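Owing to the predicted nature of the structure, the values given are computational and were not obtained by experimental measurement.
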Amino acid sequence: MTRRDLLASAALTSAAFAVPAKFPKGKADACILLWLGGGAAHIDTFDPKRKGDGKKVAGSYYHPIDTAIKDVQVCEHLKRTAPLLDRCALIRTLSHDIVSEHGAASNLVHTGRMPSGTIQYPSIGSIVSKELGTKDPAVPSYVVMGYPNITRDPGFLGAKYGYVYLTQTETGPNGFVRPPDVDNPRQDRRETLLAQMRQNFEDRHPQDQIVRAQSAISSQGFKMAGPKFVNVFDLAKESKTIRESYGGEFGQRCLLARRLVQSGVRFVEVSFNLNFLNGSGWDTHNDGQTKQHLLIQDLDQAFARLLTDLEESKLLDTTLVVIATEFGRPPEFDSGGGRGHHAKAFSAVLAGGGLKTGQVVGVTDELGVEPVGKSVSIPDFHATIHCALGINPAKNLFAGDRPVPITDQGAPLRELFS
Amino acid sequence: MAGEWQARHDKIRVDLAKVAGPSVPVLKAALPVQNDIDRFIGAKLADLAPTALTTDLEFLRRLSLDATGVIPTPAEIRAYLAEAPKLRRAKAIERVLASSGWADHWVAYWQDVLAENPGILKPDLNNTGPFRWWIHQSFADGIPFDRFVAELLSMEGSAYQGGPAGFAQATLNDAPMAAKAEIVAQAFLGQRMGCARCHDAPFHPFKQKDLFSLAAMLQGKDMKLPKTSTVPMIEGGRKPNVVVALKPGQAIGPEWPFAALVSHSETGQLPNQASVPSRNEVAALIIAPENTRFPQVIVNRIWKRYMGLGIVEPADDWSRGEASHPDLLTYLSREFVMSRYDTKHVARLIFSSHAYQRKPVADAAIATGAKGRLFSGPIRRNMTAEQLVDSLHRGTGRAYECEDMNLNPSGDRPPNQFLNLGKPQRAWQMTALSNERDRPALALPIAQSIVDVMTAYGWRQSRQNAATSRDDAPSPMQTLIIANGILGTRMVRLSDDSELTELALADQPLAKMVNEMFLRVLSRPIAAGELRVMTNLLGELYPQRKVKGAQKIDARISSDSRVSWSNHLSAEATVIRMEEERNLRLGAKPTARLEPRFRERLEDALWAMVNSPEFVMVP
C-alpha cells in the first residue's frame with residue numbers, strides 16, 4: 001500500500017481531506033488561453049475610464065464604445081469584439097501584488113502560486129491537460145504558441161504533462177515537422193536504414209527486455225508525428241477566406257488554435273507576442289504606447305473571429321476561451337507617454353465553455369486603480385477555469401506523496417455558472 | 001589552506017586506521033572477482049548469475065560517458081586497442097580520471113543536487129548565483145570533497161561571478177536559508193526534510209522546528225517563521241492532517257537537528273573559516289569523521305551514478321530503505337575517507353570492479369525489482385541530456401555552436417539583473433533562457449534548439465528545488481526531437497564545418513570510411529551486415545562523390561550580437577531574431593564539395609545511426 005493509498009483511506013480522510021462532490025460546472029472540454037504577454041493596460045482595453053491626455057492627465061488613451069452588454073463599454077479599438085461581448089464574461093477586478101517583475105507575475109498567473117523551493121508548481125495548461133486526459137492519442141494534449149519558459153512547465157506533474165510548442169505558425173513545432181529538405185522518399189529511406197540498425201542492435205542483444213522496450217518507444221515516436229497531427233498545423237488546409245478573416249499572425253495562431261481544439265488538443269496557449277508591431281508588445285512603457293492600438297486591433301479581429309468561428313463550428317459551448325495577462329497598467333502616463341505596471345486591479349476575459357456570459361464581474365474605481373468591493377484572486381481565477389472545464393476546484397494534485405490543492409484556496413465565481 | 005586540510009586529513013587517517021573495517025567476504029562459488037567490491041557483491045548474489053563482462057569497446061564507451069560525459073574519439077579507441085588486452089581497461093580508467101571531462105561531467109550532477117539555478121534576466125524565480133563555475137573548478141582541482149562541502153557552506157566568494165556565495169541566493173524566496181538547509185541535509189546527509197518546510201513532516205522523523213533550526217544556523221541568527229511557510233489555519237475550518245506546531249512569526253533559534261548522527265566533533269576547527277560562525281559549525285558537523293553518514297551518502301551517490309541504483313535507495317532519503325550491502329557501503333566509505341575524500345579514488349575502485357564492467361541487466365523484472373540491488377550487473381541507463389548533446393557534437397565532428405548565454409551583450413546592466421554565462425562549450429554550461437516575457441527579441445534561437453533536446457531528456461531548465469534523479473523516462477518526444485528537431489538536423493548535415501565532410505572526401509575505400517563513421521558515432525567497427533547495407537546505399541555513387549572545383553561554404557550560424565536588452569523593445573530587434581529562427585530551421589548550408597545525391601544518402605545513414613537506440617543507450 002502506498003502512502004497515497006493510506007491518505008485516501010477512510011481512516012485519514014475524515015473531514016480533513018473531504019472534497020465537496022458538488023461544484024459549479026461548465027461544459028468545456030478544451031481551453032484556448034490567449035496570453036497578452038507584457039501586461040495589457042486594462043483601462044485601454046476592457047475597462048475604459050475617462051480620457052487622459054497621454055502626458056500629465058491620467059486616464060484612458062482611447063474612447064469607449066458600447067457593447068452587446070447593456071451599460072458596459074470597451075475600448076474603441078475592440079469594435080468587432082464589442083457586439084460579441086454577450087458571449088463573454090468580463091472580469092475587471094483580478095488582483096495580485098507582484099507588480100515589479102514580469103517573470104514572477106507571469107509565473108503567478110500561469111501557476112497560481114509563488115515559487116516555494118520545495119516543489120515546482122505546474123502551469124494551468126499542464127494541470128488541465130492532466131485532469132482532462134488525452135482526447136486522441138495521436139495528438140498531444142497541451143500546445144503552446146510562444147516561447148518555452150517555466151511559467152508554462154508541468155513542474156511536479158512531470159514531463160508527461162509538458163507541452164509541444166512553436167514560435168511561428170509557418171514553422172510548426174520543433175521535432176514534429178520534418179526538415180524542409182527531407183521529402184517522403186528520403187524519409188522512407190531513412191526509416192528503412194533506421195529499422196535495419198534497430199534490428200541489428202536487438203539481434204546483438206537477444207532477450208534483452210530493456211533494449212526491446214527502448215526500441216519500441218523509439219518507433220512509437222514516429223507515429224506521434226504522423227500526418228494526422230502534422231496536417232493540423234497546415235493552415236493552407238483552410239480556405240483563403242477563413243484565413244484572411246482572422247487577420248495577421250496572431251489571427252493565424254487563433255485559427256490554428258481552433259484546428260488544434262478540433263483535433264483533440266485540450267489546452268492551447270496562444271501568445272500575443274508580436275512585438276514587431278510596436279516593439280514592446282503589451283508592455284507599453286514609454287513610446288510602446290504610440291502603436292498600442294495596432295495590438296488591440298489585431299487582438300480584436302482575431303478574438304472576434306475566433307468566437308464566431310467556434311460558434312459556427314458548434315465548438316463554443318465546449319471550448320473555454322480565456323484572455324489573460326500578467327498584470328494591468330496604471331492610469332498615469334510615464335515621461336515617455338507610456339504606462340508602468342499595475343496589479344491591484346486588472347482585467348481578464350472568459351468566453352464560451354457553457355458559462356453564463358454577457359456579464360461583468362467586479363467594478364473598479366474611477367481610474368481603474370482599486371477594486372470597489374471584492375477582488376478576484378489568481379487562485380479564484382484558476383478555480384473558475386477548472387469549474388468551466390468540469391474539474392473539481394477543491395481536489396488535490398500529488399507531488400509524490402504530498403497532496404497539493406489544485407488551487408491555493410481559490411473559490412470559483414459562482415455567478416458565471418447556471 | 002591546502003596544508004591545513006592535509007594535516008586534518010592526516011589525523012583523520014591515523015584515527016580511522018585504528019578502527020577495524022568490515023571483513024571482506026571469502027567467496028565460496030567461483031564468481032568473477034577483480035577487486036574487493038566483487039567479493040562484497042558476490043557474497044550476496046545467491047543463485048542470481050552475474051551478467052557477462054562487457055566487450056572492451058562496450059566498456060570504453062560506457063567508461064568515457066561515465067567519467068567524462070562524452071563518447072570516446074576514434075583516436076582514443078585506437079590507442080586503447082593498441083594496449084595489451086590485460087592492461088587496456090586499467091589504463092583507460094587512469095586516462096579518463098585524469099582528463100578534463102571528469103570535472104565537466106560532475107558539474108551536471110551537483111547542479112541538480114544543489115539546485116544551482118542562475119537566471120540571466122532579472123532573476124525572480126527562486127534563483128541562485130552561477131556557482132557552477134566553482135563546482136567545475138573544485139572538481140578540476142581535485143579539491144577534497146569535505147573541503148568542497150565546507151566551502152559551499154561558507155557561502156562566500158563572489159555571488160555573481162560563480163563563487164559559493166551564489167549558493168546563498170534564492171530570489172523572492174520567503175526563507176532562503178530554509179531552502180538551503182533542506183538542500184544541504186538532503187545532499188550530504190540523506191535527510192529529506194522538504195516536507196518540514198511548512199509543517200512537521202508526516203512520513204519522516206523531522207519537525208518543522210528541525211528544518212528551521214538548521215536554517216537559523218545557516219542564517220547565523222534566529223529565523224522568523226514566514227506566514228507563507230506554514231499551513232493556514234482557518235478559524236472554525238477543517239483541521240489539517242499534518243501537525244503544525246509552529247506559529248507564523250515565531251522565532252526559531254540556531255540548533256543542530258541531527259544529534260542522532262553526530263553531536264560534536266573532536267577533529268578541531270575547520271581550516272576554512274566562514275564569516276558566519278554557525279555556518280562553520282554546520283560544515284564541521286557534516287564532515288566530522290564521527291559522522292559516518294556523510295561519507296556513506298557520498299559514496300552511495302557515486303555508486304548509484306555508475307551502477308544505476310544506489311546501495312541505499314532513494315539516495316537522498318535514507319529514512320526510507322535499508323542498505324542492500326551494508327558492509328560494502330562501510331568499505332567504500334572507509335576508502336573514501338582514507339583517500340582524503342577523493343571522489344576519483346572511489347570511482348577508480350568502482351570502475352575497476354567486475355561488477356561495473358559487466359553488461360547491464362537485461363531482465364526487466366530484475367532491473368526494476370528488488371533484485372536489481374543485488375547488482376548481478378549494472379542497471380541499464382540512457383545517456384543524460386548533457387551526455388547526449390556533447391556526444392552528438394563529438395560523434396558528428398561538429399564544434400559547439402551557440403550564442404553567448406547573455407541577454408545584455410552591451411554589458412550596461414548590473415549583475416543582479418543580467419548575467420553573462422559565456423559561450424557554452426559543454427552542455428552543462430547551458431542555462432534557462434528566461435524568456436518568461438515571451439519576447440522574440442529575447443530569444444536565443446540556437447540555444448533554444450539545444451535546450452529543446454536537453455529538456456526532452458530530463459534536463460531541468462529551472463532547478464527551483466534539489467533533485468537526485470531526473471524525470472527522464474524514454475518518451476516519444478525524445479525520439480522526435482533528435483529525428484526532426486533543429487539540433488538533430490544540424491548534427492547530421494554534411495556542411496563544410498563538419499569533420500565528417502572531410503572524412504567523406506578523403507581518398508580511401510568506402511569500407512574504410514564507413515568503418516570510421518561507426519567508430520566515431522557508435523564506438524565500434526561496422527558489422528558485416530551493416531557494411532552490406534552501406535555498400536548498397538553508397539557504393540555506386542562513391543567513386544563520383546567529389547565535385548571538382550567546388551569551394552568551401554561558410555556554414556556557421558549567424559547571430560546578430562547588436563540585439564541587447566537596451567534595444568530589444570525596438571521592432572527591428574524582434575524582426576532580426578525572428579529571421580534568425582527561420583534561418584536556423586533551414587539547417588546548415590550543405591557542402592558543395594560532395595555530389596548532392598551521395599551527400600544526402602550519407603546524411604541519411606548518419607541520421608539512422610544517431611537515431612538508433614544504440615546511440616543513446618549506454619552499453
Contact class of B/R192 relative to chain A, heavy atoms under 4.5 angstrom: neither

What part of A/R212 gets within 4.5 angstrom of chain B, counting heavy atoms only: side chain, backbone, both, or neither? neither

If I measure from the heavy atoms of chain B, does A/E170 come under 4.5 Å with its side chain, its backbone, both, or neither? side chain

Can you tell me how the ring of A/H341 sits relative to the ring of A/H102, calling it parallel under 30°, perpendicular over 60° and tilted otherwise? perpendicular

Taking the basic N atoms (NZ, or NE/NH1/NH2) and the acidic carboxylate oxygens, is any pair closer than 4.0 Å for A/D401 and B/R320? yes

Heavy atoms only, distances under 4.5 angstrom: which of B/T171, B/I481, B/L442 has the most pairs with chain A? Name it, please. B/I481

Given 3.5 Å as the limit, does a donor-acceptor pair link the side chain of A/N275 with the main chain of B/R439, or not? no

When only pairs under 4.5 Å are counted, which of A/L193, A/I150, A/N174 shares the most heavy-atom pairs with chain B? A/N174

Using non-hydrogen atoms and a 4.5 Å limit, figure out which bit of A/E101 sits close to chain B: side chain, backbone, both or neither. both

Name the member of A/E326, A/Q120, A/H285 that forms the most heavy-atom pairs with chain B at distances under 4.5 Å. A/Q120

Given B/P474, B/P202, B/A483, B/A179, the one with more heavy-atom pairs under 4.5 angstrom with chain A than any other is B/P474

Option in A/G38, A/A213, A/G162, A/P148 with maximal non-hydrogen atom pairs under 4.5 Å from chain B: A/P148

Among B/S462, B/A365, B/A170, B/S612, the residue with the most heavy-atom pairs under 4.5 Å to chain A is B/S462

Hydrogens and angles aside, do B/D317 and B/H204 bring a side-chain donor and acceptor to less than 3.5 Å of each other? yes

What part of A/S271 gets closer than 4.5 Å to chain B, counting heavy atoms only: side chain, backbone, both or neither? both

Given heavy-atom pairs under 4.5 angstrom as the criterion, report whether the side chain, backbone, both or neither of B/L522 touches chain A. side chain

Honestly, the part of B/R601 sitting under 4.5 Å from a heavy atom of chain A is both

B/N127 side chain to B/L125 main-chain N or O, any donor-acceptor pair under 3.5 Å? yes

A/L277, A/N273, A/T169 screened by side chain to side chain contact (heavy atoms under 4.5 Å, CB included) with A/E249, the one that passes: A/T169

Proximal component of B/V610, with respect to chain A [non-hydrogen, under 4.5 Å]: neither

On a heavy-atom basis, the closest approach of B/R493 and B/G587 is NH1-C, 3.7 Å

Please check: side-chain N/O of B/R585 versus main-chain N/O of A/P179, any donor-acceptor pairing under 3.5 Å? no

Take the angle between the ring planes of A/F272 and A/F250 and call it parallel below 30°, perpendicular above 60°, tilted in between. tilted

What part of A/V177 lies closer than 4.5 angstrom to a heavy atom of chain B: side chain, backbone, both or neither? backbone

Under 4.5 Å to a heavy atom of chain A? For B/N173 that would be side chain

Going by the angle between their ring planes, with limits at 30° and 60°, are A/H110 and A/W35 parallel, tilted or perpendicular? tilted

With only heavy atoms counted, which part of B/E182 is less than 4.5 Å from chain A, the side chain, the backbone, both or neither? side chain

Check each atom of B/V616 against the heavy atoms of chain A and say whether the ones under 4.5 Å are side chain, backbone, both or neither. side chain

Side chains of A/N149 and B/N435, donor plus acceptor under 3.5 Å: no

Closest non-hydrogen contact found for A/E191 with B/W607 is N-CZ3, 4.2 Å

Quick one: which of A/T151, A/I98, A/N200 has the most heavy-atom pairs under 4.5 Å with chain B, could you say? A/N200

Does any backbone or side-chain atom of B/M609 lie under 4.5 Å from a heavy atom of chain A? Answer side chain, backbone, both or neither. both

Identify the heavy atoms of A/T134 and A/V139 that sit nearest to each other, and give their distance. CG2-O, 4.0 Å

For B/T455, is there any backbone N or O sitting under 3.5 Å from a side-chain donor or acceptor partner on B/Q461? no

Among the options B/L433, B/V451, B/D363, B/I482, pick out the one with the most heavy-atom pairs lying under 4.5 Å from chain A. B/D363

Non-hydrogen atoms of chain B under 4.5 Å away: do they reach the side chain of A/Q207, the backbone, both or neither? backbone

Contacting moiety of A/Y165, where chain B heavy atoms sit under 4.5 Å: side chain

Can you tell me which portion of A/H205 sits under 4.5 Å from chain B's heavy atoms? Options are side chain, backbone, both or neither. side chain

Hey, is the main chain of A/T167 close enough, under 3.5 Å, to the side chain of A/Y147 for a donor-acceptor pair? no

Does the side chain of A/R186 come within less than 4.5 Å of B/E603's, by heavy atoms? yes

B/E600, part contacting chain A, at a heavy-atom distance under 4.5 Å: both

What part of B/D472 lies closer than 4.5 angstrom to a heavy atom of chain A: side chain, backbone, both or neither? neither

Interface check, chain A: of B/L537, B/N611, B/D452, most non-hydrogen pairs under 4.5 Å belong to B/D452

Looking only at heavy atoms and a cut-off of under 4.5 Å, which of A/S106, A/A105, A/A159, A/A195 has the most pairs with chain B? A/A159

Below 4.5 Å from any heavy atom of chain B, which atoms of A/D287 appear? Answer side chain, backbone, both or neither. neither

Looking only at side-chain N and O atoms, does A/S123 offer a donor or acceptor that is under 3.5 Å from a partner on A/Y142? yes

Among B/S434, B/A364, B/P440, which residue forms the greatest number of heavy-atom pairs with chain A at distances under 4.5 Å? B/P440

In terms of heavy-atom pairs under 4.5 Å, which option from A/M114, A/K291, A/R152 contacts chain B the most? A/R152

